[in-house]
**Q** 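Structure incoming, see below.
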Amino acid sequence: MSRLNQMAGLAPVILGLFCACQTTAKQVDMETDLKAMYADLPFSMPTIERPVFPDYQVNICDFGAKSDGVTLNTEAINNAIKAVHDKGGGKVIIPEGLWLTGPIVLQSNVNLHAEKNALIVFSSDTSLYPIITTSFEGLDAKRCQSPISAMNVENIAITGYGVFDGAGDRWRPVKKDKMTDRQWKNLVNSGGKVDENGKVWYPNEGALKASVLMAGSGDKQTEITSEEWEDMKSWLRPVLLSIVKSKKILLEGVTFKNSPSWCLHPLSCESLILNDVKVFNPWYSQNGDALDVESCKNVLIANCFFDAGDDAICLKSGKDEDGRRRGEPCENVIVRNNTVLHGHGGFVIGSEMSGGVKNVYVSECSFIGTDVGLRFKSARGRGGVVENIYINNINMIDIPNDALIADLYYAAKSAPGEPIPSVSEETPAFRNIYISDVFCRGAGRAAYLNGLPEMPIENISIKNMVVTGAKEGIVVNKVAKLNIENVEIDTPDQSMIQIENTTGITINGKELGTISEKRLLTKN
């Protein structure tokens, strides 16, 4: 064999060793970066272990998958996942291509890896998604099976560079007032049904029928038979990704978009990492939350990018009696170095927080054009305690409503002279919230803190906050123990803080005691 042929033979080996070294170095850098996310934590929590998988992999093409955008690859993808699981674990490769599929079910010890230019599109054929009993918006409910799901599994991942598209535009109703006239006309001409008031478009007649049947039922689904629901399935919009009662979960590098309802919904999970994940939903998408972490423990959300039709990064723990019965708080959560475009809230807790939320650290995040920046919401009937929340180094621009809001009257109004109920398990509580180094350019209102007369917001601190171009300053009502230090608010009338029904007030080291009647503090 010639020297040249020998070198040619060695080339693939050398290249393989080089790539392996590169991959290993990249993994080490990534793990080092994630470990840095635990620095300066104001509470104790364990370092979350990344899932580890055996060195075994398969390609979905080996199971009959075809990249043509027409072939339904549901069976091929799920068979590949099962084969790797049965082998003891490893990686399932989705290569470059356009892959049409129905629901994918993850199994333990499997890393579903979407390579560059892999576009996985979920079919909008509702017959592929059976109706199941699950939880949605904090309540036990019937919904269609999610495009991606897992339950009672351990050591799973979705990684790579690909895109998962939930075909949500064929599930979601759309409100006319959220679209331009031209967009609305095009939507109506595409098919579907419009309600009798001409204000809401539905993807089909079944969804419209369900909306009429469910009108006035609140959060509870009325008594409808399984057979009746089959004709109205698109009303039971699933979340794009549902992972329930599972451990050691990694979502990394991939993009999720166009979800039928919420996009990412881990529920009652432990040891969860989201790193470098991107979520895109149209701003008009009904219930188009990007990420809802519900009743989970030990969570890291880092280096992610969200563009949502509703709340972006949201922590929850069940709603009202269902949530209290579950009794699982969302706890030990780190949210660092994330960016949010649009959405109802940048970082949000609630309103479904009946199991409690505690030990949360949010830092180095940017919110660009979200309706609200930092959003805490609950109401009577929820119960639950939100406590030990630490937030710093937040940058915002173009916030049309509140840069910061903590409101225990969410979706409710108080009437003058109304009777004050006794404190019970249905009384929500916000306490021990520490916010510092928040900078916002452009806001409707700098901050709004609104507790209940029977349960004031307790022990909240705001330090080093600058809001320029605000229409209003800070409004405070029914708070016990409030510390404001080095806060600058730029408003047209130079008003800075409006306070009433608040005790234990300290501003820039000066104790003001109790303020019962409305009092306006200006820069002067």
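Side chains are part of it too, since the values below use all heavy atoms of this structure and drop only hydrogens, waters and symmetry mates.
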**Q** Test side chain to side chain contact (heavy atoms under 4.5 Å, CB included) on Ile156 and Val110; report intermediate values, then the result.
**A** CA-CA 5 Å; Ile156 61 171; Val110 175; 5.5 Å; no
**Q** With no hydrogens and no angle check, just 3.5 Å: does a side-chain donor-acceptor pair link Asn111 and Thr159?
**A** yes
**Q** Determine, stepwise, if the pair Lys297 / Glu270 fulfils salt bridge (Lys or Arg N to Asp or Glu O under 4.0 Å).
**A** CA-CA 5 Å; Lys297 182 178 182 179; Glu270 185 173 343; 5.1 Å; no
**Q** Ring centres of Tyr390 and Tyr434 under 6.0 Å apart?
**A** yes
**Q** If you compare all heavy atoms of Glu294 against all heavy atoms of Trp262, which two are closest, and at what distance to 0.1 Å?
**A** OE1-CZ3, 4.2 Å
**Q** Over 60° means perpendicular and under 30° means parallel, so classify the ring planes of Phe305 and Phe280, tilted if in between.
**A** tilted
**Q** How far does NZ of Lys278 sit from CG of Leu251, to the nearest 0.5 angstrom?
**A** 13.0 Å
**Q** With the side chain counted from C-beta on, respond yes when Leu241 and Phe256 share a heavy-atom pair under 4.5 Å apart, and no when they do not.
**A** yes
**Q** Phe164 and Leu240: which non-hydrogen atoms are nearest, and at how many Å?
**A** O-CD2, 4.2 Å
**Q** So which heavy atom on Ala470 is nearest to which on Ala446, and how close?
**A** CB-N, 4.5 Å
**Q** Donor-acceptor check, side chain of Ser246 to backbone of Val153, threshold 3.5 angstrom: yes or no?
**A** yes
**Q** Does Lys116 make a cation-pi contact with Tyr161 (under 6.0 Å, within 45 degrees of the axis)?
**A** yes
**Q** Can you tell me how far the OG atom of Ser259 sits from the CG atom of Asp165, to the nearest 0.5 Å?
**A** 9.5 Å
**Q** To the nearest 0.5 Å, tell me how far Ser436 OG sits from Asn486 CG.
**A** 11.0 Å
**Q** Under 4.5 Å between any side-chain heavy atoms of Cys269 and Cys296, yes or no?
**A** yes
**Q** Side-chain contact test, heavy atoms from C-beta onward, threshold under 4.5 Å: evaluate it for Asn281 versus Phe306 and give yes or no.
**A** no
**Q** Do you know the tightest heavy-atom contact between Val299 and Met45?
**A** N-CE, 4.2 Å
**Q** Under the criterion side chain to side chain contact (heavy atoms under 4.5 Å, CB included), I'd like the reasoning laid out for Ile158 against Ile148: C-alpha separation, chi angles, the key distance, then a yes or no.
**A** CA-CA 10 Å; Ile158 302 176; Ile148 308 173; 4.0 Å; yes
**Q** Is Lys247 atom NZ crowded by more than 12 heavy atoms from other residues, nucleotides or ligands, each under 6.0 Å away?
**A** no
**Q** Are Ser108 and Asn155 close enough that a side-chain donor and a side-chain acceptor fall under 3.5 Å?
**A** no
**Q** Which atom names give the shortest non-hydrogen contact between Val487 and Met496, and what distance separates them?
**A** O-CE, 3.2 Å
**Q** Mind running side chain to side chain contact (heavy atoms under 4.5 Å, CB included) on Leu112 and Ile94 for me, showing each step along the way?
**A** CA-CA 7 Å; Leu112 185 64; Ile94 302 178; 3.8 Å; yes
**Q** Given Asn258 and Phe122, is the side chain to side chain contact (heavy atoms under 4.5 Å, CB included) satisfied, shown in steps?
**A** CA-CA 10 Å; Asn258 199 16; Phe122 290 93; over 6 Å; no
**Q** More than 12 heavy atoms of other residues, nucleotides or ligands under 6.0 Å from NZ of Lys358: yes or no?
**A** no
**Q** Answer whether the closest heavy-atom distance between the side chains of Leu452 and Arg380 falls below 4.5 Å.
**A** yes
**Q** With a 4.0 Å cut-off, would you call Asp322 and Arg324 a salt bridge?
**A** no
**Q** Cut-off 3.5 Å, side chains only: do Asn477 and Tyr448 have a donor facing an acceptor?
**A** no
**Q** Indicate yes or no: at least one non-hydrogen side-chain atom of Leu404 is less than 4.5 angstrom from one of Val438.
**A** no
**Q** Has Arg445 got a side-chain atom pairing as donor or acceptor with Gly473's backbone, closer than 3.5 angstrom?
**A** no
**Q** Check whether more than 12 heavy atoms from other residues, nucleotides or ligands sit under 6.0 Å from atom CD of Gln183, and answer yes or no.
**A** yes
**Q** With a 6.0 Å cut-off (strictly less than), is the heavy-atom count around CG of Asp177, excluding the residue itself, greater than 12?
**A** yes
**Q** Would a distance-only check, ignoring hydrogens and angles, find a side-chain to backbone donor-acceptor pair under 3.5 Å from Thr502 to Glu500?
**A** yes
**Q** Hey, does Arg50 have a side-chain heavy atom less than 4.5 Å from the side chain of Leu34?
**A** yes
**Q** I need the minimum non-hydrogen distance between Ser146 and Pro238, along with the two atoms involved.
**A** CA-CB, 3.8 Å
**Q** More than 12 heavy atoms of other residues, nucleotides or ligands under 6.0 Å from CD of Glu154: yes or no?
**A** yes
**Q** Looking at Val239, Asp292, Leu274, which one forms a side-chain contact (heavy atoms from CB on, under 4.5 Å) with Leu264?
**A** Leu274
**Q** Residues two or more places apart in sequence or in another chain: which of them pass side-chain hydrogen bond (donor to acceptor under 3.5 Å, both in side chains) with Thr134?
**A** none
**Q** Side chains of Leu291 and Val277, heavy atoms from C-beta outward: is any pair under 4.5 Å?
**A** no
**Q** Would you find a donor on one side and an acceptor on the other, under 3.5 Å apart, between the side chain of Arg326 and the backbone of Ser295?
**A** no
**Q** Side chains of Pro421 and Glu454: does their closest heavy-atom pair fall under 4.5 Å?
**A** yes
**Q** Working to the nearest 0.5 angstrom, can you tell me the gap between Asn459 CG and Ile457 CD1?
**A** 11.5 Å
**Q** Taking everything shown except Lys178 itself, do over 12 heavy atoms lie less than 6.0 Å from its NZ?
**A** yes
**Q** We want to know whether Asn275 and Glu252 form a side-chain donor-acceptor pair, criterion being a heavy-atom distance below 3.5 angstrom.
**A** yes
**Q** List the atom pairs, donor and acceptor, that lie under 3.5 Å between side-chain atoms in residues 333-355 and the rest of the protein, sequence neighbours left out.
**A**
from	atom 1	to	atom 2	distance (Å)
Arg336	NE	Glu364	OE1	3.0
Arg336	NH1	Met37	O	3.0
Arg336	NH1	Ala39	O	3.1
Arg336	NH2	Glu364	OE1	3.1
Arg336	NH2	Glu364	OE2	3.2
Asn337	ND2	Asn303	OD1	2.5
Asn338	OD1	Asn303	N	3.3
Asn338	OD1	Cys304	N	2.8
Asn338	ND2	Ile301	O	3.1
Asn338	ND2	Arg336	O	3.1
His342	ND1	Asp307	OD1	3.1
His344	ND1	Asp310	OD1	3.1
His344	NE2	Gly309	O	3.4
Ser351	OG	Arg382	NH2	3.1
Glu352	OE1	Lys316	NZ	2.4
Ser354	OG	Gly318	O	3.4
Ser354	OG	Asp320	N	2.6
Ser354	OG	Arg382	O	2.7

**Q** Report, one line per pair, each donor and acceptor closer than 3.5 Å where one atom sits in a side chain of residues 366-378; sequence neighbours left out.
**A**
from	atom 1	to	atom 2	distance (Å)
Thr370	OG1	Val372	O	2.8
Arg375	NH1	Asp311	OD1	2.8
Lys377	NZ	Asp311	OD2	2.8

**Q** Would you say Asp398's side chain and Gly442's backbone share a donor-acceptor pair under 3.5 angstrom?
**A** no
**Q** Would you find a donor on one side and an acceptor on the other, under 3.5 Å apart, between the side chain of Asn450 and the backbone of Tyr409?
**A** no
